[in-house]
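Below is one structure; the comments refer to it alone.
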Amino acid sequence: MTDQPLLRVENLTKYYGSRLGCADVSFELWPGEVLAIVGESGSGKTTLLNSLSATLEPSAGRTLYRMRDGEWRNIYELSEAERRFLVRTDWGFVHQNPADGLRMTVSAGANVGERLMAVGDRHYGHIRETALDWLGRVEIAADRIDDQPRAFSGGMRQRLQIARNLVTGPRLVFMDEPTGGLDVSVQARLLDLLRGLVGELGLAAVVVTHDLAVARLLSHRMMVMKDGHVIEAGLTDRVLDDPREPYTQLLVSSILQV
Amino acid sequence: MTTTAQYNFAYLDEQTKRMIRRAILKAIAIPGYQVPFSSREMPMPYGWGTGGVQVTASIIGPDDVLKVIDQGADDTTNAVSIRAFFAKVAQVATTTHTGEATIIQTRHRIPERALGQGQILVYQVPIPEPLRFLEPRETETRKMHALEEYGLMHVKLYEDIARHGRIATTYAYPVKVEGRYVMDPSPTPKFDNPKMHMSEALQLFGAGREHRIYAVPPHTEVVSLDFEDHPFAIQHFEEPCALCGAEQVYLDEVILDDRGGHMYVCSDTDNCEERRAAGHVGAQGVEGAE
């Protein structure tokens, strides 16, 4: 860990016309830290994530990112070329639906290799070697490298999407419900994998989820959102074991105990 | 007066030609960049070269000599009709000889004989966007061109190698023009790509259905994309042309019977005829033939 945060969000607000998306969100994210954003549907989680990840320009507030050269930049003041470069090299975005984040009609190897080619790698052997290495890390068999993601199961697609995002060694990854739509055993395996990778690579991550178990397993800190506002934030274990806000208490107590 | 007097010179009206010339000038100023233009309905179906015909109609003058080829041949339907079209609506001289032509409209080949200063090669282009099949959104591909994000082009080549062990793209092979724009050289065989590099002739590309014009000015760098460990290479033919014995030219396979008989002959008919007239005879050629 360094002595400076990676991402600094100041009073981020997003209105859709007169309707509120999220309001007045401020936080800092440190290198290697995983932040979970939880809340029910429509609470502004995804709006916040999109505003952070340069896909949805906020109505007010600033999102500052510490670039690799140590300089703080407002991501919405970067030129489009700089922003797109940042997004595909230093950042990753894991979509809930893998089809949104993958190219379904090109092979798994090319999916992983695309980012490398985008930053100028022009050596086929090297690209393929790196792709193989990454498929191995996300537990996809090497003989599936030339298969298209269409031929993959939901869990494999999600793991492929993760490999595709991590291949350029990003420092910050955004995840939108990374385990949504997967069955429970596959979820557990994916979470295990994610936790391993995040720890191993020292990634910082912002994970949006409505599943408190995901937050518990992956994140160090969490923010609880309701109606566009952050109502409670703190260490994950503290929030889940000792929720202060009535809504958070309700959320925690509504987990099914089997 | 002939009956063609009812047409404006070269079919298109002057304002349209002016609009297309502006697009052409812009295209020449930004080599490889696809300039939108307001494509007109032409008296032929899309896919028959409406883009090329509009470009030719806009640049042709009464003193020009026009040659039209289709897959290298001067005598196929498309070539004959377009040649006849301009002979009728512009009363220009036509030729089949590459050396004599000032404007050559082509569908999918570049003549074997090196083009010289003052000649213009007009390509008929079906799909001008090289990124189309990887990224269907036009808004996105335009942005990618603008920001020079061409990694995706290599994804296609990667897929080729992964599937076939080599770059299996043989035509419409993507090129980078003057170190900036990635361009689809229209479905010419990749055999012709090196001829585009530093060509002395002006090369214009017209896509009628897609409303795009782009250009490669003379003496412009045109580099075929490849990988360091899988460099670009053109097709090689094991035997020479059966009629004229030419080597290092692009050959077409001609089926002779239903028992597997075939021969390879020059795709560029003019080149083949000139060689035969000069006395070159291939394995199945006839001595002293016309």
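None of the values given here were measured: they were computed from a predicted structure. Numbers restart at 1 for each chain; the letters A, B, ... are given by sequence-line order, proteins then strands.
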Contacts table for residues 192-209 of chain A: side-chain donor-acceptor under 3.5 angstrom, sequence neighbours left out:
| residue | atom | partner | partner atom | Å |
| --- | --- | --- | --- | --- |
| A/Glu200 | OE2 | A/Arg137 | NH1 | 3.3 |
| A/Thr209 | OG1 | A/Asp211 | N | 2.9 |
| A/Thr209 | OG1 | A/Asp211 | O | 3.4 |

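Applying a 4.5 Å heavy-atom cutoff, the residues of residues 127-136 of chain A that approach chain B are A/Ile127, A/Arg128. Contact residues of residues 201-226 of chain B toward chain A are B/Asp226 (heavy-atom distance under 4.5 Å).
Of the two parts of B/Leu134, the backbone and the side chain both hold a non-hydrogen atom closer than 4.5 Å to a non-hydrogen atom of chain A. Both the backbone and the side chain of B/His154 come within contact range of chain A, judged by heavy atoms closer than 4.5 Å. With a 4.5 angstrom heavy-atom cutoff, A/Gln148 touches chain B only via side-chain atoms. With a threshold of 4.5 angstrom between heavy atoms, A/Arg115 does not approach chain B through any atom at all. The contact between A/Ile145 and chain B is made entirely by side chain atoms (from C-beta outward), counting heavy-atom distances below 4.5 Å.
The number of heavy atoms from other shown groups lying within 6.0 Å of OH (B/Tyr171) does not exceed 12. Shown here is A/Arg68, whose CZ atom has more than 12 heavy atoms of other residues, nucleotides or ligands within 6.0 Å. At most 12 heavy atoms of other shown residues, nucleotides or ligands fall within 6.0 angstrom of atom CZ in B/Phe133. Summarising the local packing, CZ of B/Arg132 is surrounded by more than 12 heavy atoms from other residues, nucleotides or ligands at distances under 6.0 Å. Residue B/Phe237 qualifies as enclosed at atom CZ: its count of foreign heavy atoms under 6.0 Å is above 12.
Looking at A/His126 and B/Phe227, their side chains never come closer than 4.5 Å, going by heavy atoms from C-beta outward. Between A/Glu80 and B/Lys143 the shortest side-chain heavy-atom distance falls below 4.5 Å.
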Check against side-chain contact (heavy atoms from CB on, under 4.5 Å), A/Val106 and B/Lys156: CA-CA 8 Å; A/Val106 304; B/Lys156 181 182 186 311; over 6 Å; no
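Chain B forms the most heavy-atom pairs under 4.5 Å with one residue out of A/Gly125, A/Gly120, A/Ala110, and that residue is A/Ala110.
With sequence neighbours excluded, the residues satisfying side chain to side chain donor-acceptor pair (under 3.5 Å) with B/Asp192 are B/Arg109, B/Lys195.
Contact between A/Met117 and B/Val155 at its shortest, heavy atoms only, is SD-N, 3.6 Å.
Distance alone, capped at 3.5 Å, places no donor-acceptor pair between the B/Asp229 side chain and the A/His123 backbone. Between the side chain of B/Glu159 and the main chain of A/Ser107, a donor-acceptor pair closer than 3.5 Å is present.
With respect to B/Glu140 and A/Arg84, a salt bridge is recorded, a charged nitrogen being found less than 4.0 Å from a carboxylate O.
Once rounded to the nearest 0.5 Å, the distance linking CD of B/Glu149 with CZ of A/Phe85 reads 10.0 Å.
B/His230 and A/Tyr124 have perpendicular rings, their planes meeting at more than 60° on a 0 to 90° scale where under 30° would count as parallel.
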